[in-house]
Amino acid sequence: MNGTPRSLDLMVKSVATQLMAATATTSVEVSQRVLADLVSYLGVDVSFLRYNDHKIRASRLIAEWPIRPNIPDPDPLEIVYFADADPVFAVSENAKKPVVLRPEPATDDYQRRIEESRAVPATSMAAAPLLSGNVTTGALGFIKFGDREWSTDELNALETIASLFAQVQARVLAEERLRYLAEHDDLTGLHNRRALLSHLDERLAAGRPGPVSTLFFDLDRLKAINDYLGHTAGDWFIRVLAERLRRSGDGENLIARLGGDEFVVVPRAAMDEAAATALAHQLQSALREQVSIDGEVLTRTVSIGVAQGTPGVDTTSDLLRRADQAVLTAKNSGGNKVAVFTDDMAMKNEFRNDIELHLQNVIESGALLLHYLPEVDMRTGEILAAEALVRWQHPTRGLLGPDAFIGVAESINLAGELGRWVMRSACADFAAWQSRGLGENIVMRINVSPVQLVIDGFVESVAGILEEFGLARGSVCLEITENVVVQDIETTRITLAALKAAGVQIAIDDFGTGYSAFSHLKSLPVDTLKIDRGFVRELGSDPGDLAIVRAIIALAEAFGLELVAEGVETEAAALTLLRHGCHRAQGFLLSRPIAGAALESLLSKGRLAIKFSA
Ligand code: C2E
Ligand code: CA
Ligand code: CA
């Protein structure tokens, strides 16, 4: 029954049908089934399918039938290098046509190799090459123990079947290539985001061992490398770091690059926080080594965030969010740190996100408003100035003070816009009061965020607003915190000089805290110092505070600066200040921050009632 053209035809058809359904995942299994069919159909003893790997000049066993019992390890038939292979294997490196070998002396080597692994004597064989264009990509082989003749029709059928196998091979390779590309990062060859997500999804499934630890890496100051040395250097730097990560444990960890300078390492074993933190420190020091690029030796550091997820409880995005929050904390505390995720971080972050979300359109939505804090002469109660303090009528959280959102606004580049809103609104109110004959002698004090100071066109924008509302020179004072003044003294000097030229006064806010601006006072165009409320609160009871306040008072006198005490809450503080010659002040003892209308009516009275006497 074997070998008639018609039955061979049917055999080819059956093979074609089976192989057509094969995918990358099922190809080995399907191939094995087909080989089994062919063994019985052709009446041979063994069949095999091998793929060529021309890069290493070797042939690799893909499927065989029957499967040998007790396969030795290493299996001598698994990978066979053409260079040291017997002639039978050697021929399959580049064969283009079916080859038939019958027992004869020339194939002794081959016989021995087969005997070694099969323990059977003299055999005959037919092999058809798998071809892809001109390249021999593998071989389909059939072995008969003892001798067997192969008809031309049979060899033609084998050639056809081999071409069907070659098609499957091409499809599998294409699929694997696609999958590789889909799951790996081009630049580094590490896994990509998609691969990371599917790995974590699997690991966090209910019933899997936990906790699952995740280490989130962020290269510190990669931007500087890109900026100063170019993107090629930046890319090279990323590749070096990827390689170091890989070398320090590719097998035990899944390593992914999320793009940019972000890497994630997931230990494949369940790992608790302590072990994960230790691993993070270990990797951190491995990455800290120097790298040389174009002769420049760079020591770059990484920030690492560590977080845990519980299978069946946490999702992949929970886990990554935590790790991301932790790395943010590490970065914000100066970089080159390992930070472990905490619940406190989660709460702060939730608040922040919510603020950020609503802050985006806070200005258009008209939810911002200003309160004013009167500044008075404590001897008379006369109102000398008003400080504009921004408030936010938040849709769900009520009236928020600036501490809750100024920082967030700065971090999402909203400080400029928000600052302009405050400036225009305060000046508009101020101009409106003056148009009604009120507050013509007071100063409007406006807080300026450090970020605003360095925004291009800041001075011009201030000058424009003063002009728009026709406010007198010197009637508006900008408050700048002491820290900012000292940080970049040269830039500050230039900006402040330009502001002065535009007709605004300058006050140093929170004076006495942080880095001292003492030494620069002489060279900066400053009009007023505001003593930080931290020193004022306990005046009258804390002698240390009194010493500082007295020093500031002396300093202001020496430089001819106005002095304002902030945060006067008690009569004792007020009296102490008065006794030492500081009579301008603001604070809850005198007045709370009040709405614009309330300030206006206060201005119409001209003064506050002073309830204490010096
Ligand atoms: P600051 O410039 O030191 O403003 C004074 C703050 O102290 C105000 O808080 C005010 O309500 C509070 N205060 C006044 N008297 C007392 C007192 O006797 N005791 C106590 N404990 N506090 C008193 P607020 O309105 O929460 O402002 C906080 C900070 O937010 C301000 O500190 C200022 O640095 C900033 N800020 C306020 N408005 C703006 C703004 O429009 N833009 C910018 N960039 N920052 C602003
Ligand atoms: Ca202030
Ligand atoms: Ca202050």
Side-chain angles (χ1 to χ4, degrees), residues 359 362-363 367-376 378 385-394 398-411 413-430 443-455 458 461-462 465 476-485 505-514 517 526-540 552 562-574 577 584-596 598-599 608:
L359 198 53
V362 68
I363 294 169
L368 289 180
L369 54 128
L370 292 178
H371 279 176
Y372 293 94
L373 185 62
E375 176 185 314
V376 303
M378 289 190 288
E387 179 177 5
L389 297 168
V390 68
R391 303 286 181 262
W392 174 13
Q393 191 62 57
H394 187 279
L399 193 65
L400 293 180
D403 292 335
F405 61 91
I406 295 280
V408 182
E410 285 175 351
S411 73
N413 288 327
L414 265 180
E417 214 181 319
L418 197 140
R420 267 192 304 281
W421 182 89
V422 170
M423 183 87 57
R424 287 201 80 244
S425 307
C427 289
D429 281 351
F430 195 26
V443 171
M444 173 61 76
R445 299 202 194 276
I446 298 171
N447 292 284
V448 170
S449 131
V451 185
Q452 273 177 275
L453 265 196
V454 297
I455 292 176
F458 173 65
S461 138
V462 171
I465 293 170
V476 169
C477 174
L478 300 188
E479 299 194 357
I480 297 155
T481 63
E482 188 181 11
N483 280 343
V484 179
V485 172
Q505 292 197 49
I506 307 291
I508 298 186
D509 207 348
D510 306 334
F511 194 80
T513 57
V526 170
D527 304 279
T528 304
L529 300 183
K530 296 186 78 169
I531 309 174
D532 188 70
R533 61 178 176 273
F535 303 111
V536 175
R537 194 174 42 224
E538 274 153 38
L539 266 188
I552 296 176
E562 286 286 1
L563 190 62
V564 183
E566 291 187 302
V568 175
E569 292 182 359
T570 61
E571 280 189 26
L577 285 164
R584 291 180 87 116
Q586 53 181 204
F588 293 171
L589 177 73
L590 306 159
S591 168
R592 294 261 165 184
I594 51 179
L599 187 82
L608 277 170

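Atoms within each ligand, like the ligands themselves, are counted from 1 in listed order. Everything numeric here is computed off the predicted structure, so don't read it as measured data.
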ask   = With a 4.0 Å cut-off, strictly under, does atom 9 (O) of ligand 1 pick up any protein heavy atom?
value = no

With a cut-off of 4.0 Å, which atoms of ligand 1 are near a heavy atom of [X]?
| X | value |
| --- | --- |
| R391 | 25 (O) |
| P593 | 11 (O) |
| L373 | 14 (C) |
| V422 | 41 (O) |
| G567 | 16 (C), 17 (C), 18 (O) |
| D510 | 3 (O) |
| G587 | 15 (N), 18 (O) |

Quick one: nearest non-hydrogen protein atom to [atom], plus distance?
| atom | result |
| --- | --- |
| atom 40 (C) of ligand 1 | V390 CG1, 3.7 Å |
| atom 31 (C) of ligand 1 | L389 CD2, 4.5 Å |
| atom 3 (O) of ligand 1 | E566 OE2, 3.1 Å |
| atom 26 (O) of ligand 1 | P402 CD, 3.6 Å |
| atom 13 (N) of ligand 1 | F588 CE2, 3.6 Å |
| atom 42 (N) of ligand 1 | N447 O, 3.6 Å |

Would you check if [X] and [Y] make a side-chain contact, meaning some heavy-atom pair closer than 4.5 Å?
| X | Y | result |
| --- | --- | --- |
| S591 | L608 | yes |
| L478 | F458 | yes |
| V462 | I465 | no |
| R592 | H371 | no |
| F511 | V564 | no |
| L599 | P374 | yes |
| E387 | K530 | yes |
| N447 | V422 | no |

Test of understanding: given a 4.0 Å heavy-atom threshold, classify the contact between [X] and ligand 1 as side chain, backbone, both, or neither.
| X | result |
| --- | --- |
| H371 | neither |
| I406 | side chain |
| D403 | side chain |
| Q586 | neither |
| K530 | neither |
| D509 | side chain |
| R592 | neither |

Starting at [atom1] of [X], measure out to [atom2] of [Y] and round the result to the nearest 0.5 Å.
| X | Y | atom1 | atom2 | answer |
| --- | --- | --- | --- | --- |
| I446 | I480 | CD1 | CD1 | 11.5 Å |
| W392 | L399 | CH2 | CG | 11.5 Å |
| I455 | E417 | CD1 | CD | 10.0 Å |
| L368 | S425 | CG | OG | 8.0 Å |
| D527 | E562 | CG | CD | 8.5 Å |
| T481 | I508 | OG1 | CD1 | 9.5 Å |

task = Answer yes or no: does atom CZ of R537 have more than 12 heavy-atom neighbours from other residues, nucleotides or ligands under 6.0 Å?
result = no

request  = Kindly write out the residues that satisfy salt bridge (charged side-chain N to carboxylate O under 4.0 Å, His left out) with E375, not counting sequence neighbours, or none if the list is empty.
outcome  =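 For E375 the salt bridge (charged side-chain N to carboxylate O under 4.0 Å, His left out) partners, ignoring immediate neighbours, are R445, R584.
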
key: S449 touching ligand 1 at heavy-atom level, < 4.0 angstrom   =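 Yes, S449 has a heavy atom closer than 4.0 Å to ligand 1.
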
task = Pick whichever of R533, R445, E569, E410 has a heavy atom sitting closest to atom 7 (O) of ligand 1.
result =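 Nearest option to atom 7 (O) of ligand 1, by heavy atoms: R533.
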
message = Restricting to distances shorter than 3.0 Å, give the number of protein N, O or S atoms close to the Ca ion (ligand 2).
response =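 Total protein N/O/S atoms under 3.0 Å from the Ca ion (ligand 2): 4.
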
